[in-house]
Structure formats: C-alpha cells, structure tokens
Amino acid sequence: MIRVLLVDDQHLVREGIARLLRDVPDIEVVGEAADGPSAVEQSLATLPDLVLMDVRMPGMDGVDATAHIVHDRPDARVLILTTFDLDEAVHRALQAGASGFLLKDTPYDQLLHAIRVVAAGDCVLAPSVTRRLIEHFAPQPTPTSSEAALLDRLTNREHQVLQLIAQGLSNAEIGRVIFLSEATIKTHVGRVLSKLGCRDRVQAAIFAMRTGLADRA
C-alpha cells in the first residue's frame with residue numbers, strides 16, 4: 001500500500017485528487033495539508049511514502065516544504081504537481097530533493113503511474129519540460145575539476161545510462177534502448193548514483209544537464 005500525503009492550498013483540488021485515489025486499491029491518502037508548515041508537520045505525523053506537493057502556497061511554499069521534508073525524512077519521496085511548467089520554483093524544488101514533476105493537467109492514468117514509480121524509488125519528469133530543464137541548467141563551458149573527477153569514475157556504459165536518465169527515460173526504457181535487462185539497468189543506475197553522490201535519479205539528471213553530458217547523448 002502506497003501512503004500518500006496531499007498538499008495543496010486549494011481545498012477543491014485536494015478533494016478532487018483524494019476522490020480519484022480513494023478507489024485505487026494500492027494507494028491510501030493518509031493526510032492533507034493546505035500550506036508548507038502543515039505539510040512538514042503532516043509528513044512527520046503520518047509518515048507517507050509519497051507527498052504530492054503543490055508549489056505555490058501562502059507562507060512556506062512547496063519548495064521550502066520539500067527541502068524540510070527531505071531533510072527530516074531522507075527516504076521521503078516528493079512528487080511536484082503544478083500548473084506552471086516553466087515555474088522557477090519547480091527547478092528549485094528538484095534541487096531541494098523532489099523526486100518528480102508533473103503538470104496538473106496530467107491524465108489520471110499517468111498520475112497513478114507517476115505515484116507508483118516515484119514511491120518505488122524512481123523519478124518522473126514531465127516529458128514536456130525535460131528539454132526546458134536542460135536549457136535551465138545550462139551546461140558550463142567545461143565541467144569543474146571536481147565534476148570532471150566524478151565523471152571519470154563512470155564507465156562508458158554508466159555514461160550512457162546517465163545520458164538516458166537525463167532524457168527522462170525509465171529503467172525499462174533505457175533497457176530497450178541499449179538492449180539490456182531492466183534488472184541490469186537498475187544495477188547500473190545504482191552505481192551511477194553512488195559514484196556521483198546523488199540522492200536519486202533527478203539529482204543525477206541535473207548533474208548531467210549542468211555538465212553538458214545530457215546534450216551529448
């Protein structure tokens with residue numbers, strides 16, 4: 001059972017999502033919050049597997065709330081839902097530790113899929129903004145010496161996997177591209193995260209974007 005905390009300052013939005021999830025057998029809504037401070041408190045009180053987080057809220061916004069939640073519970077997964085695909089706050093939320101980003105007009109079945117994927121430890125980036133994220137995290141002319149040293153730790157296969165992560169591909173999709181099993185890809189992804197010191201795939205994707213590796217795919 002995936003325990004979900006809903007965070008949005010609009011009651012109708014929270015109620016609508018709660019109703020959609022109510023009849024899903026493997027998902028349980030364990031709490032709701034209308035602002036950042038309440039989200040942080042509810043995360044500690046209900047210990048959800050996943051927090052479905054709005055960005056723009058009064059007081060503490062979703063970015064700061066995400067940072068607090070991830071700091072307090074490093075294993076917590078935060079999936080950002082927002083109306084604005086170019087919102088600067090979304091970029092900051094990903095850097096703060098969010099594990100995914102979807103637009104609020106995402107179809108219901110895709111939302112369910114994203115909840116399951118993120119709760120399982122993977123990440124989700126809306127396809128419509130992957131390229132914009134790469135543009136936002138404009139690559140440096142050359143990686144810093146420390147970044148170059150980290151990249152040198154990767155094997156050629158791990159470089160390839162990192163490039164595909166930055167394109168937003170899942171393990172299964174990466175496996176189909178380079179003709180390896182999903183289990184093997186999972187092992188490669190784990191090694192990439194460990195060698196780069198990244199918390200999750202989103203952080204690895206940002207690293208690839210910032211260092212220009214994503215554009216060399």
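Remark: Glu182 does not engage Lys186 in a salt bridge, criterion side-chain N to carboxylate O under 4.0 Å. Under a 4.0 Å N-O distance rule, the pair Lys104/Asp54 qualifies as a salt bridge.
The two residues Ala34 and Arg14 come nearest to each other via the heavy atoms CB-NH1, 3.6 Å. Closest non-hydrogen pair, Gly97 versus Val70, comes out as O-CG2, 3.8 Å. Minimum heavy-atom separation, Ala205 to Ala166: CB-CA, 3.9 Å. Taking both residues in full, the closest heavy atoms of Ala39 and Leu5 are given as O-CD2, 3.7 Å, listed atom of the first, atom of the second, then distance. Across every non-hydrogen atom of Pro74 and Arg199, the tightest pair is O-NH2, 2.9 Å. What you find for Gly36 and Ala65 is that their closest heavy atoms are CA-CB, 3.8 Å.
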- Message: For a side-chain contact (heavy atoms from CB on, under 4.5 Å) check, start with the C-alpha distance between Val7 and Gln42, then their side-chain angles and the critical distance, and finish with the verdict.
- Response: CA-CA 10 Å; Val7 183; Gln42 285 292 309; over 6 Å; no
- Item | Intermediate values then yes/no, side-chain contact (heavy atoms from CB on, under 4.5 Å), Gln167 and Glu173 | CA-CA 11 Å; Gln167 294 177 27; Glu173 291 168 335; over 6 Å; no
- Message: Between Leu6 and Asp8, does the side-chain contact (heavy atoms from CB on, under 4.5 Å) criterion hold? Intermediate values first, please.
- Response: CA-CA 7 Å; Leu6 302 179; Asp8 197 295; over 6 Å; no
- Task: Applying side-chain contact (heavy atoms from CB on, under 4.5 Å), run through His188 and Thr155 and close with a yes or a no.
- Result: CA-CA 10 Å; His188 282 309; Thr155 65; 5.5 Å; no
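Looking only at distances, no side-chain donor or acceptor of His68 sits under 3.5 Å from a matching main-chain atom of Pro37. The closest donor-acceptor contact from the side chain of Ser194 to the backbone of Gly190 lies at 3.5 Å or more, if one exists at all. The main-chain N or O of Arg3 is found under 3.5 Å from a side-chain atom of Asp49 such that the two form a donor-acceptor pair. The backbone N or O of Ala67 lies less than 3.5 Å from no partner atom in the side chain of Asp64, so there is not a single donor-acceptor pair. A donor-acceptor pair under 3.5 Å is formed between the side chain of Arg201 and the backbone N or O of Leu169. Without hydrogens or angle criteria, Arg77 side chain to Ser99 main chain gives no donor-acceptor distance under 3.5 Å. Checked by atom type and distance alone, the side chain of Glu147 pairs as donor or acceptor with a backbone atom of Thr144 at under 3.5 Å.
Put simply, OG1 on Thr46 and CD on Glu32 are 11.0 Å apart, with the number rounded to the nearest 0.5 Å. With rounding to the nearest 0.5 Å, the separation of CG in Asn171 from OG1 in Thr184 is 10.5 Å. Atom CG of Leu154 is separated from atom CG of Leu196 by 5.0 Å, given to the nearest 0.5 angstrom. Expressed to the nearest 0.5 Å, how far CZ of Arg191 lies from CG of Leu193 amounts to 12.5 Å. For the atom pair CG (Leu111) and CG (Leu103), the distance works out to 11.5 Å, reported to the nearest 0.5 Å. Between atom CE of residue Met209 and atom CG of residue Leu162 there is a gap of 10.0 Å, rounded to the nearest 0.5 Å.
The shortest distance between side-chain heavy atoms of Ile178 and Val161 falls below 4.5 Å. At a threshold of 4.5 Å between non-hydrogen side-chain atoms, the residues Val24 and Ile115 do not count as touching. Looking at heavy atoms from C-beta onward, Leu150 lies out of side-chain contact with Thr211 at the 4.5 angstrom threshold. Contact of the Leu44 side chain with the Ile69 side chain is not registered, since no non-hydrogen atoms from C-beta on lie closer than 4.5 Å. Inter-residue side-chain proximity for Pro48 and Val4 is flagged as unmet; no heavy-atom pair is nearer than 4.5 Å. Contact annotation: the side chain of Glu28 approaches that of Val30 to within less than 4.5 Å [non-hydrogen atoms, C-beta and beyond]. Here the side chains of Leu81 and Val13 are not in contact, with every heavy-atom distance at 4.5 Å or above. Contact of the Val29 side chain with the Arg22 side chain is not registered, since no non-hydrogen atoms from C-beta on lie closer than 4.5 Å.
Leu47 and Leu21 fall into different hydrophobic clusters, defined by Ile, Leu, Val, Met, Phe, Trp and Tyr side-chain heavy atoms under 4.5 Å apart, directly or through other members.
Asn156 CG: 12 or fewer foreign heavy atoms inside a 6.0 Å radius.
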